[in-house]
Amino acid sequence: MKHKVRITAEDTPSSAVGQDRRMSQPLELEGLGDALFPAVPSSWQVTVGLSLIAGVVSHHAVFRPVEIDNHLWRLLFVYITALAAISGGYIRIGGYQIVAAVLQTALVATTYTVGVFASIFVYRAFFHPLQKFPGPFWARVSRFYAMGKMIQSRKGYEDIQKLHQKYGDIVRVGPRELSINRPSAIRSLYGAHSQTSRPPWYSQTSRHPSKSSLINTRDSAAHKLRKKIWEKALGSRGWEALDVYESRVQAKVELLLSKIEETKGTPVDMTKYFMYFSFDVMADVGFSKNFNMLESTSIHPAIKGVHDTMWFIGLLTTIPWMLYMVGSTPGLNSLSRFSIWCHEQLNEKRNVLASEKEREPQDVMSWLLKAMDNRDPAAPPSERAVQEDSRLLIIAGSDTTSGILTSAFHLLLTNPHTYERLLAEVEKQFPGGISDWTYEKAKAIPYLDWIVYESLRLRPTAAAGMPRDLPPQGIMLDGEFIPGGTIASVPPYTIQRDPRYWDEPLAFRPERWENCSTDSVPWIAFSRGTWSCPGRGLAMMECRMVLSRIFLQYDVTLPLGMGGDTFEEDTIDNVAMVAPALYLSFTPR
Ligand code: HEM
């Protein structure tokens, strides 16, 4: 059937005011109706068929080859606009009544969407290049599988471990995601010469390097450059900043001890106290400021906001595009109160620097801001970037350190021989007790470091694994080809408990570290290479100080019936492992 589309002046808005004389002539668009709406009104089957084909084509031509994770708001806008245009087309060109046009558009939208999702399903389930790798069927099809598991277990790291126990070393844990439980993958994915990059998971707030924090910078060259200033600021790779922070961390340890003293042997939740401690340290080392959490033994409102929504963020990390959509929605970003706090501290820091009261950088933000002033290429590239960095600083350095302190105390108290050995070590190093204590001497007790390494082995912070994007040409791993575009990770919790690499893997045995370094075994608690944690030195300093001081000064006990026996069971996964309450009693020695 031939359609001749007639648009008359009565149909046009301008005719309503009767102003445009030319529009009062019928406008004949012969053939246009045929071209645009061949199915109208002859056959709904053709409309359905064409929409389905359009869905399949857009999956293969757009959604598959293009990284759309960070464009979903835009795509949604385009989709809605396209539907509005189609409706308009039905009315203006097809001559439809409004209701009929809306119904017809709904048919197009539904069948198009079915086409997209059917195509995604068939491709991922049966034709994907990762087809040869085993894994649960629904994990192949959608990341919602991981989200569902996470809702049930709240322990993503255990879900991954179970998958490895069932399917082997290389498991397809998502449509384009592999979890690889092999030491060789550590070098390939995270090593200094690895060709991997950071996947969309990392662009949670923005995909532009100039608007991202260090950890969200996905461009390898930009990241490498920016990392330099962080290494200086946090005293890694031999830089001396840690000497500046030492006395301030020690002051926080003293405050922690004074708060413990106030408990007078009554059991106290050390998960909270270590959290107060680590956030206060980061406010000081980061901005020369104070959250006053230890002093007030209560959580700062800005941090409470972050903690209250952590479970939700943890859940969203299973589906990166959702995380981005929520993260980039004004008002939905739960970090706003915290962001305001960081922003204020940043401005105050600027004023201090402008008044030239601080000659040498006294904290991490000073390093970053001074680098910006000096136009150092390693400086944060924009105001937005330095603001993101200020948030990263607090988040990356606090719950991580407090989590490992809590775990270390729990492990020491549930493994009496390690507690005894620690006591013997500190008594030997400080025969005169507390008056003998210096950090220099504490640093020289290897057993303290082994306790931290062993605690991080059994309870790594980022336990499920940090994802990496493989280069387009793919990689060879132990003779097996893994195609480009795959997102792969090594799961620390699984590999660090694997009996093939560790004797008595579930036993807490700090002494196993006596003859090995953290680089010579499959241990990736601070990651490796270019992407590794620049705060490792600071975290180790905090742990050495807290462990040596507390055990030198107090007999510590784990009261019965207060949750110590279900500690591991009650630990959950919110991107980082989150420890439950740990009640401990302290009696002066
Ligand atoms: C025991 C405590 C800590 C653990 C287990 C830990 C672990 C990690 C891990 C595994 C990464 C790599 C994340 C990734 O690959 O995406 C990382 C990155 C990072 N950590 Fe830590 N961390 C700890 C303490 C700290 C501290 C005290 C700071 C100080 C601010 C800090 C600052 C950072 C930063 C800035 C990054 C991003 C590095 C980059 O993008 O290259 N961390 N950390």
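Whatever order the structure lists ligands and atoms in, that order sets their numbers, starting from 1. Along the sequence shown, residues carry numbers from 1. Computed over heavy atoms, backbone and side chain alike; hydrogens, waters and symmetry mates excluded.
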- Query: Considering only heavy atoms of Leu214, which atoms of ligand 1 have at least one such atom less than 4.0 Å away?
  - Reply: 38 (C), 39 (C), 40 (O), 41 (O)

- Distance-only polar pair, side chains of Ser212 and Arg226, donor-acceptor under 3.5 Å: no

- Item | Atoms of ligand 1 close to Leu393 [distance to a heavy atom under 4.0 angstrom, numbered from 1] | 30 (C)

- Do Glu440 and Lys443 meet the salt-bridge criterion of a basic N to acidic O distance under 4.0 Å? yes

- Item | Test item: side-chain donor near acceptor, Arg497 and Tyr493, under 3.5 Å | yes

- Heavy atom of Met540, distance to ligand 1 below 4.0 Å: no

- Task: Quick one: list whatever passes salt bridge (Lys or Arg N to Asp or Glu O under 4.0 Å) with Glu246, sequence neighbours left out.
- Result: none

- Query: Heavy-atom distance to atom 10 (C) of ligand 1: which of Ala525, Pro467, Ala462 wins?
  - Reply: Ala525

- Run the numbers on Thr530 and His223 for side chain to side chain donor-acceptor pair (under 3.5 Å), then give the verdict. CA-CA 9 Å; Thr530 325; His223 172 267; over 6 Å; no

- Message: Is it the case that the ring center of Tyr419 lies less than 6.0 angstrom away from the ring center of Phe551?
- Response: yes

- Short list, please: which atoms of ligand 1 are under 4.0 Å from a heavy atom of Ile404? 1 (C)

- For atom 35 (C) of ligand 1, the option (of Trp201, Tyr202, Trp230) bearing the nearest heavy atom: Trp230

- Message: Just to be sure I read this right, does ligand 1 sit under 4.0 Å from the backbone of Leu456, its side chain, both, or neither, counting only heavy atoms?
- Response: side chain

- Task: Could you tell me whether Arg468 approaches ligand 1 through its side chain, its backbone, both or neither, with non-hydrogen atoms closer than 4.0 Å?
- Result: side chain

- Message: Among Arg198, Met541, Met577, Lys224, which one puts a heavy atom closest to atom 40 (O) of ligand 1?
- Response: Arg198

- Task: May I ask you to identify the nearest protein heavy atom to atom 41 (O) of ligand 1, giving residue, atom name and distance to one decimal place in Å?
- Result: His223 NE2, 2.7 Å

- Item | atom 21 (Fe) of ligand 1: protein N, O or S atoms that are less than 2.8 Å away, sorted by chain | Cys533 SG

